Amino acid sequence: MAEDAGLTTGIAHHGAARLPSVDIDSFNIELKDDEGFLGDRASKGAFRKILDRWRKPLRKSDEDPFGDEPSDKISKKKLDELLVGDDTEASAVVHSAIEEFAQELAHVTRRFLNTKAWAKTERIVVGGGFRDSRLGELAIARTEIILKSEDFKVDLLPIRFHPDDAGLIGTLHLAPSWIFEAHDGVLAVDIGGTNIRCGVVESRWKKAPDLSKAAVWKSELWRHADDEPTREGAVKRLVKMLKELIAAAEKENLKLAPFIGIACPGVINEDGSIEKGAQNLPGNWESSKFNLPASLVEAIPQIGDHDTAVVMHNDGVVQGLAEVPFMQDVARWGVLTIGTGLGNARYTNRKRENGKDDKKAEKKDKDDESEKSEKKAKKARKADA
């Protein structure tokens, strides 16, 4: 099955480094320090541990404003309310946790920016579930200020779409633009360690060929972590969800392209197998005997009158791809997704809307070299003086 998987797309390779709009310079980098994986210092769980540390001094004097509620059980909504509420002590605890987390996120981001793959990154969008909160937005803004105070010339912005929608909308950028000309939308799948989300994404290509007006038309969520299915059971449920979405689209006369885009954790091989990083999914998804794209093509061989094509990529990559239309004023940009871990990807814009090769990266390189040469020349003149 795995041997044929690369042939089932008919469009592009899975996990490709070159996509219609961008080159993917790197993704899923696993940086380490003495304590382990660096991304663990800026994850959703890391923030909860920081919050818990700030509560400890208050617990000793029975003044913890959160009472006995565990830090990992306090909802983001409640934390957001406390930020602006009348309980100044509770607000101070949350603000303190945000500040410490921002320092950690700045440290991790700094390490990424110092790698060769992330060199000259001009903008970073931050997604993942943590971003979908006021406290997340404050942490992102504070991180940007910290980095700029250290002369890092990079912007940090929350991802534009809701993270759940971004994980589906980004799959549009895995497909060539011609596929949208005669169709209204595509099927999209976002697989996570807790949930599997499927949806129909409208490209709205006629209104905006750059896909900036794309939107999720309909989606379904299955919290597989509650059911603890086998791998085969998970695939069976996924197929059922997709077939229901196909039926719903047909009922509403929404013409689907014969394409399924998949966002999945891990390092995705060209043939659609998963090399590593899928340990939180139900069952062994890294087995040489398992290939999700091939399984879906077998279960859904046609959409409409055409053979189904499936393209799968890393979930962090796909979430970032939703931002492609809005990143055209920079040459190089990246994404960090704060969730169970820290997803990451770096992109270089490859083409403009008019189809010409993007020259901005090349121009910036020349400008940077000119600036370096000028600085060296000034130092030389001072030395001579």
Side-chain angles (χ1 to χ4, degrees), residues 25-26 29 31-35 37-51 53-54 76 79-80 83-84 88 91-128 130-160 316 320 323 326-327 329-339 341-348 360-361 364-365 367-372 374-376 378-379 382:
D25 305 310
S26 75
I29 293 179
L31 299 178
K32 292 184 179 181
D33 60 13
D34 293 339
E35 298 176 8
F37 290 111
L38 204 63
D40 292 340
R41 295 177 58 168
S43 65
K44 183 172 61 177
F47 175 80
R48 298 294 175 162
K49 287 179 181 177
I50 291 170
L51 176 64
R53 283 203 301 271
W54 282 101
K76 289 181 292 186
L79 292 173
D80 282 351
L83 277 172
V84 294
T88 54
S91 179
V93 169
V94 180
H95 275 287
S96 298
I98 289 172
E99 173 63 23
E100 185 175 338
F101 181 81
Q103 294 287 346
E104 291 292 328
L105 181 57
H107 172 72
V108 174
T109 305
R110 196 182 301 119
R111 283 285 302 274
F112 275 106
L113 292 172
N114 285 330
T115 64
K116 184 177 180 181
W118 279 64
K120 300 177 183 177
T121 299
E122 299 163 76
R123 186 175 299 154
I124 299 172
V125 291
V126 183
F130 185 75
R131 172 264 176 271
D132 184 33
S133 61
R134 183 59 177 166
L135 66 95
E137 291 175 348
L138 286 173
I140 294 164
R142 180 68 184 116
T143 302
E144 180 186 43
I145 292 170
I146 293 168
L147 291 171
K148 287 192 171 178
S149 73
E150 298 170 352
D151 291 330
F152 281 93
K153 297 177 181 179
V154 63
D155 298 321
L156 255 70
L157 301 171
I159 203 163
R160 187 176 306 261
E323 290 288 312
F326 315 106
M327 294 293 120
D329 59 327
V330 294
R332 302 178 184 86
W333 55 284
V335 64
L336 297 173
T337 58
I338 303 173
L342 186 71
N344 59 86
R346 217 297 287 263
Y347 315 87
T348 296
K360 187 164 185 176
K364 184 166 176 56
D365 284 343
D367 291 343
D368 288 345
E369 289 302 319
S370 297
E371 188 177 341
K372 286 180 183 177
E374 180 61 28
K375 284 181 179 179
K376 285 182 180 178
K378 283 183 179 179
K379 284 184 179 180
K382 284 184 179 179

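These figures come from a predicted structure and were not determined experimentally. This chain uses plain numbering: 1 for the first residue, then up along the sequence.
A distance of 12.5 Å separates CD1 in Ile145 from CD1 in Ile140, rounded to the nearest 0.5 Å. Rounded to the nearest 0.5 Å, atoms CZ (Phe326) and CG (Leu157) are 12.0 Å apart. Atom CD1 in Ile146 sits 9.5 Å away from atom OG1 in Thr109 (nearest 0.5 Å). The structure places NZ of Lys153 at 15.5 Å from CZ of Arg123, a figure rounded to the nearest 0.5 Å. Atom NZ of Lys49 sits about 13.0 Å away from atom CG of Leu51, to the nearest 0.5 Å.
Partners of Asp33 according to the salt bridge (charged side-chain N to carboxylate O under 4.0 Å, His left out) rule, which considers only residues two or more places apart in sequence or in another chain, are Arg41. Checked against ring pair (Phe, Tyr, Trp, His ring centres under 6.0 Å), Tyr347 has the following partners two or more places apart in sequence or in another chain: Trp333. Under the rule for a side chain to side chain contact (heavy atoms under 4.5 Å, CB included), the partners of Lys76 that lie at least two apart in sequence or sit in another chain are Arg48, Asp132, Ser133. Applying the side chain to side chain contact (heavy atoms under 4.5 Å, CB included) rule to Thr115 yields the partners Leu31, Ala117, Trp118; only residues at least two apart in sequence or on another chain are considered. Residues satisfying the side chain to side chain donor-acceptor pair (under 3.5 Å) test with Thr121, not counting sequence neighbours, are Arg346. Residues satisfying the side chain to side chain donor-acceptor pair (under 3.5 Å) test with Arg134, not counting sequence neighbours, are Glu137.
Using a 4.5 Å cut-off on side-chain heavy atoms (C-beta onward), Thr143 and Val126 make no contact. Contact of the Leu342 side chain with the Asp40 side chain is not registered, since no non-hydrogen atoms from C-beta on lie closer than 4.5 Å.
Tested against Val125, the residues Leu336, Val335, Thr337 include a single side-chain contact (heavy atoms from CB on, under 4.5 Å) partner, Val335.
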I would like to know whether Ile98 and Phe47 meet side-chain contact (heavy atoms from CB on, under 4.5 Å); could you show each step before the answer?
CA-CA 8 Å; Ile98 289 172; Phe47 175 80; 4.2 Å; yes
Determine, step by step, whether Leu38 and Phe112 satisfy the side-chain contact (heavy atoms from CB on, under 4.5 Å) criterion, reporting the C-alpha distance in whole Å, the side-chain angles of both residues, the deciding distance to 0.1 Å, and the verdict.
CA-CA 10 Å; Leu38 204 63; Phe112 275 106; 5.8 Å; no
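Taking all atoms of both residues into account, the shortest heavy-atom contact from Ala46 to Ala42 is CB-N, 4.1 Å. Taking every heavy atom of both residues into account, Ser43 and Gly339 meet most closely at CB-O, 3.6 Å. Considering all non-hydrogen atoms of both residues, Ile159 and Arg131 come closest at O-NE, 2.9 Å.
Residue pairs meeting the salt bridge (Lys or Arg N to Asp or Glu O under 4.0 Å) criterion with at least one member in residues 138-148, sequence neighbours excluded: Glu99-Arg142, Glu144-Lys148, Lys148-Asp155. The list of salt bridge (Lys or Arg N to Asp or Glu O under 4.0 Å) pairs with a residue in residues 105-115, not counting sequence neighbours, reads Arg110-Glu150.
Using bins of under 30°, 30° to 60° and over 60° for the plane-to-plane angle, the ring pair Phe130/Phe101 lands in the tilted bin.
Proximity of a side-chain donor or acceptor of Glu100 to a complementary backbone N or O of Ile50 within less than 3.5 Å is not detected.
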